[in-house]
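A quick write-up on the structure given underneath.
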Amino acid sequence: MINITGLKLKNPTILAAGIMGTTGASLIRISKCGAGALVTKSIGISQKEGHKNPTMIQLESGGYINAMGLPNPSYHNFKAEIEKVEQNTDTPVIVSIFGGTASEFVEIATQLLKNTEKGVIDAFELNVSCPHAEGYGSMIGCDPGAVGTITAAVKDVVDVPVWVKLTPNVTDIVPIGRSAQENGADAIVAINTVKGMAIDISSGYPILGNRFGGLSGPPVKPIAIKCIYDLYAALDIPIIGAGGVSCWEDAVEMMMAGASGVQIGSAVYDDINIFSTVSKGIDQFITENDTYTKIEDIIGIAHTKL
Amino acid sequence: MRPINARIIDIVNETPTIRTFFFDTELKSENIGQFAMVWVRGIDEIPMALSYNNAITVQKVGEATSALFDLNIDDSIGLRGPYGTGFTLPENNKKKSEVLIIAGGVGAAPLAPLAEKMSGNQGTNIKVTTILGARTESELLFESRFNNSGMLHITTDDGSCARCGFVTDVLSELDLDQYDMIYICGPEIMMSCIFDILQSKQCLHKTEFSLHRYFKCAIGVCGACCIDEEGLRVCKDGPVFRGTRLQNSELGKYKRDSSGTIVPCY
Ligand SMILES: Cc1cc2nc3c(=O)[nH]c(=O)nc-3n(C[C@H](O)[C@H](O)[C@H](O)COP(=O)(O)OP(=O)(O)OC[C@H]3O[C@@H](n4cnc5c(N)ncnc54)[C@H](O)[C@@H]3O)c2cc1C
Ligand SMILES: Cc1cc2nc3c(=O)[nH]c(=O)nc-3n(C[C@H](O)[C@H](O)[C@H](O)COP(=O)(O)O)c2cc1C
């Protein structure tokens, strides 16, 4: 058992937001595939269809570029999906939410908590970092003041832990993390996707329906590791890693940089059972290594070297 | 993969609402029944079955399909794929197999190449029977492809050709024990009625249904096309599913639209 902000996880692997997270049934399936916790698709105030396709493609680098455009059925219609997860698994559920203003975040969080039984929602993850939905996400996520205001506003009205998910698309991620911490965030999640674009050379058209989007998968891992390393050094609250994890070695590396838990998204492409594969690999690494007795022993260990 | 550039080399008007577009490139498909993502640049990208090695057969229903209908020979589109699962042929351990194909409307698109492959298969000796349904005579798709592959039963909703009624009327009269496999693709209401009949006759284990749901990433990551109750991804775990895997599923009950909201499926 791993304890992250009071949530009890069977193992440190966590489903990342926006992957297989739109329906209760798919979240339950990922729990059966071994995830220690589940983050839902980011949910907003009203129904949103998202951008036109193509919304995601795999690139030759082994990475992926996506601009889904935050499609979601609205918090009102999403309630039944998360209730189903609670009824069918013990795996903690973190509801990812997004909004254009602090009051939108507050409305979604309070209404969801008010309309569900206690225990259905184990935590919220504030998506202040989506790189490609105009007026939402990373526009807010680049401004330490805005991140602080939203964090404080949500913390004020909820009685569950609040995780704040940051964008790497800034010069320095630390002041933003610090502002979240100072305003009551229980944990930081880093990173969301890295701004990027791909163009079809046969026609000159940008490939994504939204023209540009966010890079994920193996190529972003070094960016994530550096962000996590810096945040761990500067903050006291737990850091949850995300970005490019596709095997247990990646997860161990991310934990050594300072991550208490590791979110996995794009790697579901190759293997939907990635969660159990990675968590078994971490366990074996700890067992076979005389220096460590428990998973917690490796968190942030890179900071004690050099 | 990035979309590959595919130039249109021929366009065939199949019915007043359905056209086949042939391309100068082939998507190397391992299994009949897989689909391609068809990118009409500047408009949208939509899933389409491969109706030949190098062609898609499209019914005009909305924005992207209308934009496709505006294209001419030498225009090009982007293609990704082939993706998803395909149909499985009857097990090879018998000298002679019999299969039944049930196709409704544009659902004939992935099934016509299947009928041709099985009937043309040297040595395996598969006898193909097809029930092909359409609204009206002029909308019958790939009648001759099925006819050349074996026995063909036709139904039209309005009785303008052959039998007046639905494919299910013919299905109810057939002795299903003789078939080693049954393949189904068509409108959801048709597939749902067929599912119920085949379930009541305890045949689901030897059936394959090709489903459709709203696809976004089309590579099994985003989760937009997941169906209840198992959370199966239609784009990656499907689109072709064994009937037994669809028991207690949402098939015929509801679907989710592009926002993920539950809506009626017909
Ligand atoms: C695996 C699969 C294979 C298919 N094969 C064929 C085929 O061979 N021939 C054929 O004519 N049609 C096929 N379809 C259906 C085809 O994808 C839709 O008719 C097409 O997307 C309509 O696009 P539109 O912009 O013209 O219509 P719109 O006006 O955008 O929408 C009309 C309806 O089309 C469907 N649709 C729209 N976009 C998508 C999408 N991205 N994914 C899934 N459905 C969508 C929705 O149900 C929608 O309500 C297939 C669908 C799937 C899932
Ligand atoms: C298809 C797709 C959809 C995503 N949707 C969201 C989302 O709704 N909210 C969010 O905070 N992050 C979203 N992300 C970002 C991921 O949660 C994750 O931070 C990022 O992809 C890096 O991890 P990975 O390399 O393991 O995919 C999405 C990523 C992908 C690939």
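In what follows, chains are A, B, ... by sequence order, proteins preceding strands, each numbered from 1. Owing to the predicted nature of the structure, the values given are computational and were not obtained by experimental measurement.
- A cation-pi arrangement is not found for B/R245 relative to B/F241, the charged atom failing to lie both closer than 6.0 Å to the ring centre and inside a 45° cone about the ring normal.
- Contacts of B/R233 with chain A are made by both backbone and side-chain atoms, with heavy-atom separations under 4.5 Å.
- For the residue pair A/S96/A/S42, the side-chain donor-acceptor check at 3.5 Å is satisfied.
- Between A/E249 and A/K221 there is no salt bridge, since no side-chain nitrogen of the basic residue lies less than 4.0 Å from a carboxylate oxygen of the acidic one.
- With respect to chain A, the highest number of heavy-atom pairs below 4.5 Å among B/T261, B/I227, B/D257, B/I262 belongs to B/T261.
- The pair A/E49-B/K216 does not meet the salt-bridge criterion, since no charged nitrogen lies less than 4.0 angstrom from a carboxylate oxygen.
- Heavy-atom pairs under 4.5 Å with chain A were tallied for B/G223, B/C217, B/S259; the largest tally goes to B/S259.
- Electrostatic pairing of B/E63 and A/K52 counts as a salt bridge here, judged by a charged N lying under 4.0 Å from a carboxylate O.
- For the set B/A64, B/A218, B/P3, B/G231, the entry with the most heavy-atom pairs within less than 4.5 Å of chain A is B/G231.
- Ranked by heavy-atom pairs under 4.5 Å with chain B, the list A/N88, A/I30, A/I272, A/I28 is led by A/I272.
- Heavy-atom distances place the backbone of B/M1, and not its side chain, under 4.5 Å from chain A.
- Ionic pairing of A/K84 and B/D228 is present here: one or more N-O contacts between side-chain nitrogen and carboxylate oxygen are shorter than 4.0 angstrom.
- Chain B forms the most heavy-atom pairs under 4.5 Å with one residue out of A/G265, A/A80, A/S202, A/S74, and that residue is A/S202.
- With a 6.0 Å cutoff to the six-membered ring centre and a 45° limit on the axis angle, B/K236 counts as a cation-pi contact of A/Y269.
- Contact tally against chain B (heavy-atom pairs below 4.5 Å) for A/T55, A/N72, A/N77: the top residue is A/N72.
- Residue contact with chain A, scored on non-hydrogen atoms closer than 4.5 Å, is absent for B/I46.
- B/R80 has a carboxylate O that lies under 4.0 Å from a charged side-chain N of B/E45, or vice versa, which qualifies the two as a salt bridge.
- The greatest number of non-hydrogen atom pairs below 4.5 Å with chain A, out of B/E229, B/R256, B/M37, is found for B/R256.
- Only the side chain of A/Y64 has a heavy atom closer than 4.5 Å to any heavy atom of chain B.
- In this structure, B/E208 pairs ionically with B/R242, as a charged nitrogen and a carboxylate oxygen lie closer than 4.0 Å.
- The contact between A/I199 and chain B is made entirely by backbone atoms, counting heavy-atom distances below 4.5 Å.
- Only the side chain of A/E60 comes within contact range of chain B, judged by heavy atoms closer than 4.5 Å.
- Between chain B and the residues A/S203, A/P54, A/A198, the most heavy-atom pairs under 4.5 angstrom are made by A/P54.
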